[in-house]
Amino acid sequence: TFDVTFTTAGHNVPSTLYGLMYEDINHSGDGGLYAELIQNRAFQQVTPGTSAALTAWAALGSAKISVVASSSPVSSALPNALSFAVPSGTTSTVGFTNSGYFGIPVTAGWTYTGSFYYRTPTPPSTKVSGSFTADLRSTSGTVFTSTTVPFTTSSTWQQATFTFTASSTQSAVTNLFALSVGGSTVAGLTMEFTLISLFPPTFNGRTNGFRMDLSETLLDMKPAFFRFPGGNNLEGETAADRWAWENTVGDLVDRPGRVGDWGYINTDGLGLYEYLQWIEDMDMQPIMAVYAGYSLNGASVASNDMQTYITEAINQINFVIGDASTNAQAAIRSSMGHPDPFTLNYIEIGNEDFFSPTTYADYRWADLYNALHAEFPQLHYIATSATSGNVPSLSPAPTYWDLHIYSNPNFFVNGAYNFDILSRNGLQFFQGEYATTTENSGAALTYPFIDGSIAEAAYMAGFDRNSDIVFAASYAPLLNHVSSTQWTPDLITFSPNTVIRSTSYYVQQLYSLYKGDFYLTSTTNTASSPVQWSVTRDTSAGQYFLKVINTATSANTVVFTLPFTPSHTTGTGTILTAASGTQNTPTNPNAAVPSSFSFTAGKTITYNAPGLSLSVLVVTA
Ligand SMILES: [NH3+][C@H]1C[C@H](O)[C@@H](O)[C@@H]1CO
């Protein structure tokens, strides 16, 4: 039995404590949160004439399709186009299909919004007019919804737009988007297409917006912040491949995309503006990273080449918070629909610069910090070259540090007091990435499992308890597409039409929902104890959240002694618990989900915590 007495003494819990770490990894962005359904929609960053250039595209009927460098590109950012050549004498239906990001969801009632650019490089002497049919169909050709899109041959680019509404829901996602036309209409013609786009309804109805079910899944966590755009995906393989904000704003036709750092092309259709608008819609605040001159090939920008990136970072921040009436970058923001500045308090300078500590310490940190702090003194700047709370020396000395740790359950159980032992010297910590990535045996994890999730919960009691110096924490990575994953485990796994909440998702959710605003000191415990606890309070609601974490496989009893007598004798709690090894997976998505329970409340509360459990007992004063 663990006897826990808590007092009314303690400290504030920062509102920023629990949030989300994001980067476009595992198709978290393109094919995930970004709602565009067409993969390879503008043939960005591909080599014309290669089969890879045609990823996700296939011909219908006797048409010949290939990716070409257009003789008259739709924009300098999008030099490539799909060439669609119809042999003379063709009479049967021709066209092309796209298989989406490993599938396309067909959902009854959804009105899809589509568009494409098209032109006929060498139009016939007599203009040809006709109609394309745009549709969603199964791979066997069953059409679920369709509409006609009139066209007229012209050597100049036209943009066609259309909508259609699905009348059925298909459980299978192996569906195709198709553009087709009667062969006799276009026989002998060669046409070009690009930026072929199809959106479902989006979160908050935003144009060029976010996938609804994934947004709702994240909203259910009430996350306080969103760290973006990376993570490794900020850094590029080289400086030229980095995430550069300017290439991600403005009209989609002006965004070149880039080769991302996780093995696939980023369209950058999900760009800085879309991130910021969604973050605002989700009641979060950004923790925005700026490129700091280190890339994944291990090279650092030379000291006397830093100015380009310093200027880029200043412009990136001005896009977010500048005055649109005086600042050019802020004026772009305004022209995209947000005249007022977005909320911004935190800037992360680089990512995991403990891989390049020398150049970070010699000049990269100072160059960026000094310039940005001078320009934006009100912002907080987060350094990334620490691997633990014993931070390296940097000048100017950072106040904020981002720490990352990926390990096994034992690390998190034994590390539960890692922040208690740190001296309070003004430093503030962001546990920006953490997760149980292997079993104690070292076996890799494809999905989180209850043993690791409850170990994370034990570590997180340390975030509550030390939230005087831990201002933010987020599990990583956040998302993975079940059909294209480069890193496991992840908090949330998704397919084109399903979302699986892992056991670690529920731990993150419970800590975030029951964060409270004040931490109450209680009986000291020790690291590696099988049971951890945390008591926080929602002061305005007069509610106390008694969290109990039992990392042992057998039950343990905790007896709480309260500094007051609750106003009720029955309390309601929420528990996440499961047998060792349990995972939520695509085939068993609800193997472990939270459930509620009631308990007897009083000046003392005796709670028998099941093995491998996180429980939150809600007590009203
Ligand atoms: N290598 C990990 C650390 C880096 O910051 C992330 O991009 C990766 C997983 O999210």
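Everything quoted here is computed from the prediction, not taken from an experiment. Counting starts at 1 for both ligands and their atoms, following the listed order. In what follows, residues are counted from 1 in the order of the sequence shown.
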*Any salt bridge between Lys222 and Asp283, counting N to O under 4.0 Å?*
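The answer is no: the pair does not qualify as a salt bridge.
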*So does Arg242 pair up with Glu235, basic N to acidic O under 4.0 Å?*
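Looking at Glu235 together with Arg242, the answer is no, because their closest N to O distance does not fall below 4.0 Å.
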*Do Arg465's NZ or CZ and the ring of Tyr417 fall within the cation-pi criteria of under 6.0 Å and 45°?*
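Ring-cation test returns yes.
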*How would you list, by chain and number, the residues with a heavy atom under 4.0 angstrom from ligand 1?*
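Within the 4.0 Å shell of ligand 1, which is judged on heavy atoms, sit Glu23, Gly231, Asn232, Trp262, Asn351, Glu352, His404, Tyr406, Glu433, Pro477, Trp487.
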*asked:* Ring centroids only, cut at 6.0 angstrom: are Tyr294 and Tyr360 within range, meaning strictly under it?
replied: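 Centroid distance Tyr294-Tyr360: not below 6.0 Å, so no.
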_For Phe203 and Phe210, I'd like to know if the aromatic rings sit close, meaning centre-to-centre distance below 6.0 Å._
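Judged by ring-centre distance (under 6.0 Å), Phe203 and Phe210 do not meet the cut-off.
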*Ile469 CD1 to Phe463 CZ distance, which is reported to the nearest 0.5 Å*: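 Interatomic distance, Ile469 CD1 to Phe463 CZ, rounded to 0.5 Å: 11.0 Å.
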